[in-house]
Amino acid sequence: MAHSYDPHTIEAKWQARWAAENVFAAREDLGKRKSYLLVEFPYPSGAGLHVGHVRSYSAMDAIARKRRREGQEVLYPMGWDAFGLPTENYAIKTGRPPQEITQENIATFRRQLQSLGLSFDWNREINTTDPSYYRWTQWIFIQLFKRGLAYKAKGWINWCPSCKIGLANEEVVDGGCERCGAPVEKKEREQWMLRITAYAQRLYDDLDTVDYIERAKVGQRNWIGPSKGAIIPFALAGEEGEGKEVVEVFTTRADTLFGVTFLVLAPEHPAVERLLSSLSNRDEVDDYVKAALKKKDFERTAEGKEKTGILLKGIIALHPATKDPLPVFVADYVLPHYGTGAVMGVPAHDERDGEFAQRYHLPIKQVVRPHDGSVASLPFAQDGVLVNSGQFDGMTSEEARKAIMDAVGGREHTTYRLRDWVFSRQRYWGEPIPMVYCERCGWQPLPEESLPLELPELKEYQPTEEGDSPLARLEEWVRTTCPACGGPARRETDVMPNWAGSSWYYLRYTDPYNNEALASSEKLAYWMPVDWYNGGMEHTTLHLLYSRFWHKFLYDIGVVPTQEPYARRTSQGLILAADGSKMSKSKGNTVNPDEVVEQYGADTLRAYEMFMGPFDQPVAWSINGLVGIRRFLERVWSLLERVEERQPSQEALTLMHRTIKKVSEDIEAMKFNTAIAALMEYTNALMKEASIPKTALAALFSLLEPFAPHIAHEGWERLAGKGALLCKEPWPQWDPAVLQEGEVTVAVQINGKTRATVSVAAGSTEEDIHKAALAHPRVAQALAQQNIQRVVVVPGRVVNFVVRERQ
RNA sequence: GCCGGGGUGGCGGAAUGGCAGACGCAGAGGACUUAAAAUCCUUGGGGCCCACAAGCCCGUGCGGGUUCGAGUCCCGCCCCCGGCACCA
């Protein structure tokens, strides 16, 4: 064979040409339909590109390439989410500046991505650690602050003693640090918080307006976790009956109010501290509260853990309806940050309260019975009909909830599991928070025109022993003047979490060099929203929620034109190691894309990852599968040797159009595996021909371009003439008329079992098909001894004889 | 416990309620070769029958059901993966 398939030469050639002619640059062409296709920008770690990145990027690349050729204006950009802990930890270890490490890693990632021939518009490359980028991240923070959505608060935070870093609730996994796994402790600290809870309901409701993979929607709904109920006041009194204060509880079951036999406060509840002095067992209570606060979150919340609590002696609560005195407890199973941090104990109708009541021998009073009148085993947690509830007896739970709430001065309330976002990190490698503290003026934002507040260079990156950012050591940087009064002031030394830069990056791609705004309103109006966003499942809760929150805020202040950032979200499945386990650096079972490209070529790697299995399912890596794709490309290549100027046969033409249809539809449906299978079938059919009609082969290269763009371009050029550029060619169209022509095979069934097939002209009538089936010798023979009861004909598909044996 | 996704050959997987197993991998047989690799051709769910040709039975996690016809729809279960989980 004179010219064997040599991917390296071909791939280098076409990558150079695409770059030189800037063919993938996105333009704002108002006359064209736009398509903003987004993939998650990578964190440029020292480990280099992962085959999982390749799966996501190749998939969207296929869609981008196809849509461009269909005449759409496509924006398919790439950038770097480069702030973050691994780089900082590496800097601590080696003493090298994170800036330098990041630059190196980015260079590696860029080279790797470019070696794959992905059709990114590299003119729009962005980097979250670039001051010209994070200037706008800081700007957004200031806008949040100005509108009361960023605030400093003292509170118990999740603290990782190993990373010496405060963690957002979301970063705690099974009670451990998301990054290092160390058990998370509680620590009291002043932190910047973002009031995402102010957007909870909108973030929840607007999920109905977007097209996300169901798992992602469910994840967000669970995370926001709205719960509708009532807030009900309980008055507290001393044992002599003198009033103390009012504690509000949150309940979704106001209908069970008459079943309340005790009250429970979270150890953190502010009333506990206020009441302490009037308790006869104050020392005991104090000890319990202190012990509870010391406990790690997962120790406190582990299910199945026995519920403990302590009675507040010297205090009672008054039942709001009956005025009966009720004991008041402090118990750590009540969470401080949910509802009001206080619950009414209804042991007959709540699992947890029941358990608690049993342990402390508290009365259990049933006030709801099942609708069907049966005897319920307690606790009975479902709705039913009220009993033992005075004037409310006989009402359904549903009716009673409102009636009782109104009767005792309660009010409707929705509470959320979602908590405000801890936005401070006591670290270096993040966006500096652009705030200063003045004794006289309090927290003041930097003037917007002074942004960016650049990260100063350091000699040492280790956080301080107290857990402060290493920036705290730079006294000359920390000391500054107040933007409001000009007096002495101190800078915030915490930096932002690495969710910050990724919460708005898709906006910057639309206008990456803008110095006046994060992006111009014209560019945003043209490109937003992102039409299709693909990324990993691991980011569908937090990253999506955070960026939706920022986006809605930016919408509210008139910066962006849409309520939602992403119209559609899909997720690729994980790529597993050959043995089905997770790939990880520590297990040493990762696959390096560079080696695969070196050995098999980028086209093989890309097409293989699209072929290996359904896109949204996890699949194990397989060298054999990779080899299979390489063989397929070799076969496609070999067809060039037998090409001839001639008309394809009717059969070949039909298959060609069928393949065009299949590949076109499958790409949009992300059924890449079956699209490639169709291309294989088409190739196999051409292989059998003595000579290959030029148009038939040209169509093959054309359809192959989204998956294996280099070989497709080379093949196309060889057929079309020197200089031809496939990615500028229109996407092939199928002709429905061609698909109609020819013969179709119809299955002949007897009692639903296939006994034969017959070939009939496409578009044959039911009668013709019926006759053709009867004419088949085997069918005739099989029906000889039978009475035909009924015949079902589905044109183009099947004919079914329903028979009974002749007596 | 709740939610989401799955269960089909030796393996990855395919199949608008209409010929189950496309396509790929592994395997078997053959051609080419001194030989091997590569490549090409044939075969390829299990079983029965069989010189051959053909034919028959069983088969999509399990049990029912709907239908002329079910991997696909309905009811009841089992198992695997992922997420959430003392949220009042």
Side-chain angles (χ1 to χ4, degrees), chain A residues 1 4 173-174 213-219 221-223 225-227 229 249-253 256 264 266 300-307 331-335 337-346 349-353 355-356 381 415-419 537-538 540-541 573-574 580 608 611-614 616-629 631-632 634-635 638 671 673-684 687-688 745-758 778 781-782 789-803:
Chain A
M1 196 180 289
S4 64
V173 178
D174 291 333
I213 181 174
E214 188 59 22
R215 289 181 281 169
K217 284 197 185 186
V218 168
R221 288 200 187 104
N222 284 344
W223 201 264
S227 179
V249 304
F250 173 76
T251 180
T252 56
R253 294 297 304 276
T256 64
V264 195
R300 229 173 105 172
T301 61
E303 199 180 355
K305 192 203 74 147
E306 212 170 309
K307 289 176 179 43
D332 67 6
Y333 79 90
V334 175
L335 305 171
H337 39 68
Y338 189 78
T340 59
V343 303
M344 57 186 214
V346 188
H349 303 289
D350 181 276
E351 203 79 39
R352 295 151 303 182
D353 296 346
E355 210 182 303
F356 191 78
T415 188
Y416 302 88
R417 295 184 31 191
L418 184 70
R419 286 198 255 163
M537 259 329 281
E538 69 276 20
T540 49
T541 306
L574 220 54
Y608 166 61
F611 183 66
M612 65 197 304
D616 59 354
Q617 296 293 125
V619 224
W621 186 261
S622 154
I623 290 288
N624 285 332
L626 198 64
V627 169
I629 290 290
R631 283 209 278 256
F632 161 60
E634 302 260 10
R635 284 152 71 83
S638 74
K671 291 163 77 176
N673 53 335
T674 51
I676 291 174
L679 291 171
M680 287 171 169
E681 282 185 72
Y682 183 49
T683 302
N684 292 343
M687 286 290 286
K688 292 192 169 67
T745 307
V746 172
V748 184
Q749 300 180 334
I750 294 169
N751 284 346
K753 287 187 177 164
T754 302
R755 295 295 151 168
T757 59
V758 291
R778 204 146 63 230
Q781 194 194 343
Q789 310 277 305
R790 184 177 165 191
V791 182
V792 180
V793 181
V794 182
R797 291 277 183 195
V798 79
V799 45
N800 189 15
F801 295 96
V802 185
V803 301

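On a predicted model such as this, the values are computed, not experimentally measured, just so you know. Chain letters run A, B, ... following the sequence lines, proteins first, then strands; residues in each count from 1.
Distances shorter than 4.0 Å separate some side-chain N or O of A/Thr754 from OP1 or OP2 on B/A20. Look at A/Arg635 and you'll find a side-chain N or O under 4.0 angstrom from OP1 or OP2 of B/C40. In terms of phosphate contacts, A/Asn800 brings no side-chain nitrogen or oxygen within less than 4.0 Å of OP1 or OP2 of B/C19. An OP1 or OP2 oxygen of B/A88 is reached within less than 4.0 angstrom by a side-chain nitrogen or oxygen of A/Ser227. Considering only side-chain N and O atoms, A/Arg797 lies nowhere under 4.0 angstrom from the phosphate OP1 or OP2 of B/U16.
A side-chain donor from one of A/Arg635 and A/Asn684 sits under 3.5 Å from a side-chain acceptor of the other.
Remark: the separation of the P atoms in B/C81 and B/G29 is 39 Å, to the nearest Å. Rounded to a whole angstrom, the distance from the C1' atom of B/A36 to that of B/A22 is 33 Å. The same atom, C1', is picked in B/G30 and in B/A15; the two are 32 Å apart, to the nearest Å. The P atoms of B/G18 and B/A53 are separated by 33 Å, rounded to the nearest whole Å. Spacing between B/G10 and B/G61 at atom P, rounded to whole Å, works out to 14 Å. A distance of about 31 Å separates the P atoms of B/G27 and B/G82, rounded to the whole Å. Rounded to the nearest Å, the gap between the P atom of B/C50 and that of B/U43 is 24 Å. Taking atom C1' in both B/C52 and B/G65, the straight-line distance is 45 Å, to the nearest Å.
A/Leu335 has its CG atom 11 Å from the P atom of B/A85, to the nearest Å. Nucleotide B/C3 holds its P atom 10 Å from the CG atom of A/Asn222, rounded to whole Å. Between A/Glu538 atom CD and B/G5 atom P the separation is 19 Å, expressed in whole Å. Atom-to-atom, CG of A/Leu574 to P of B/G6 comes out at 16 Å; the value is rounded to the nearest Å. Summarising the geometry, the separation between CG on A/Leu418 and P on B/A85 is reported as 13 Å, rounded to the nearest angstrom. A straight line from CZ of A/Arg221 to C1' of B/A85 spans 18 Å, rounded to a whole angstrom. The separation between A/Tyr333 atom OH and B/C86 atom C1' is 9 Å, rounded to whole Å. Between the CZ atom of A/Phe632 and the C1' atom of B/A38 there is a distance of 19 Å, rounded to whole Å.
Here the side chain of A/Asn624 is nearest to one of B/C84, B/C40, B/C25, namely B/C25. Relative to the side chain of A/Val798, the nucleotides B/A15, B/G18, B/C19 differ in distance, and B/G18 lies closest.
Nucleic acid contact for A/Arg631: sugar-phosphate only, since backbone atoms but no base atoms lie under 4.0 Å from a heavy atom of the residue. Using a 4.0 Å heavy-atom distance criterion, A/Thr252 is classed as a sugar-phosphate-only contact. Among the atoms of the strands shown, none is found under 4.0 Å from any heavy atom of A/Asp353. Residue contacts shown for A/Gly339 are absent, as no nucleic acid heavy atom lies under 4.0 Å away. Counting any heavy atom pair closer than 4.0 Å across all strands shown, A/Thr541 reaches no nucleic acid atom. Using a 4.0 Å heavy-atom distance criterion, A/Gln749 is classed as a base contact. If you check every strand for non-hydrogen atoms under 4.0 Å, A/Lys671 touches sugar and phosphate atoms only.
Here the side chain of A/Asp350 pairs no donor or acceptor atom with the backbone of A/Ala381 at under 3.5 angstrom. Remark: the backbone N or O of A/His337 is not paired with any side-chain donor or acceptor of A/Arg419 at under 3.5 angstrom. Between the A/Asn673 side chain and the A/Phe611 main chain, no donor and acceptor come within less than 3.5 Å of each other. A donor-acceptor contact shorter than 3.5 Å is absent between the side chain of A/Thr674 and the backbone of A/Ala677.
Base orientation for B/G63: anti, the chi torsion being more than 90° from 0.
Taking OH from A/Tyr608 and CH2 from A/Trp621, the interatomic distance works out to 5.5 Å, rounded to the nearest 0.5 Å.
Mapping A/Gly625 and A/Arg215 onto RNA chain B via the closest heavy atom, the residue that lands nearer the 5' end is A/Arg215. Positionally, the nearest nucleotide of RNA chain B for A/Val218 lies more toward the 5' end than for the other of A/Glu681 and A/Val218.
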Look for any protein N or O under 3.5 Å of an N or O in nucleotides 55-59 of chain B and output each such pair with its distance, or none.
residue : atom : partner  : partner atom : Å
B/G55   : OP1  : A/Arg778 : NE           : 2.6
B/G55   : OP1  : A/Arg778 : NH1          : 2.6
B/G55   : OP1  : A/Arg778 : NH2          : 3.0
B/C56   : OP1  : A/Arg755 : NH1          : 3.0
B/C57   : OP2  : A/Arg755 : NH1          : 3.4
B/C58   : OP2  : A/Lys753 : NZ           : 3.4

Kindly give the atom pairs (protein nitrogen or oxygen, nucleotide nitrogen or oxygen) under 3.5 Å for nucleotides 11-13 of chain B.
residue : atom : partner  : partner atom : Å
B/G12   : O2'  : A/Met612 : O            : 2.8

Assess whether side-chain contact (heavy atoms from CB on, under 4.5 Å) is satisfied between A/Thr540 and A/Glu538, documenting all intermediate values.
CA-CA 6 Å; A/Thr540 49; A/Glu538 69 276 20; over 6 Å; no

Test side-chain contact (heavy atoms from CB on, under 4.5 Å) on A/Val748 and A/Thr757; report intermediate values, then the result.
CA-CA 5 Å; A/Val748 184; A/Thr757 59; 6.0 Å; no

Start with the C-alpha gap between A/Val799 and A/Val794, add the side-chain angles, then the distance that decides, and say whether side-chain contact (heavy atoms from CB on, under 4.5 Å) holds.
CA-CA 6 Å; A/Val799 45; A/Val794 182; over 6 Å; no

Verify side-chain contact (heavy atoms from CB on, under 4.5 Å) between A/Arg417 and A/Tyr338, making sure each step is shown before the conclusion.
CA-CA 7 Å; A/Arg417 295 184 31 191; A/Tyr338 189 78; 3.9 Å; yes

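With ring centers used as reference points, A/Tyr416 lies 6.0 Å or more from A/Trp223.
Side-chain contact between A/Phe250 and A/Val343 is absent, with no heavy-atom pair separated by less than 4.5 Å. Considering only heavy atoms from C-beta on, A/Tyr333 comes within 4.5 Å of A/Val264 through its side chain.
Taking all atoms of both residues into account, the shortest heavy-atom contact from A/Ser227 to A/Thr252 is OG-CG2, 3.3 Å.
Helical stems in RNA chain B, defined as runs of 3 or more consecutive Watson-Crick or G-U wobble pairs with donor-acceptor distances under 3.5 Å: B:1-7 with B:78-84, B:10-12 with B:23-25, B:27-31 with B:39-43, B:45-48 with B:55-58, B:61-65 with B:73-77.
In this structure, A/Lys307 is not positioned above the aromatic face of A/Phe356 in the sense of NZ or CZ being under 6.0 Å from the six-membered ring centre and within 45° of the axis.
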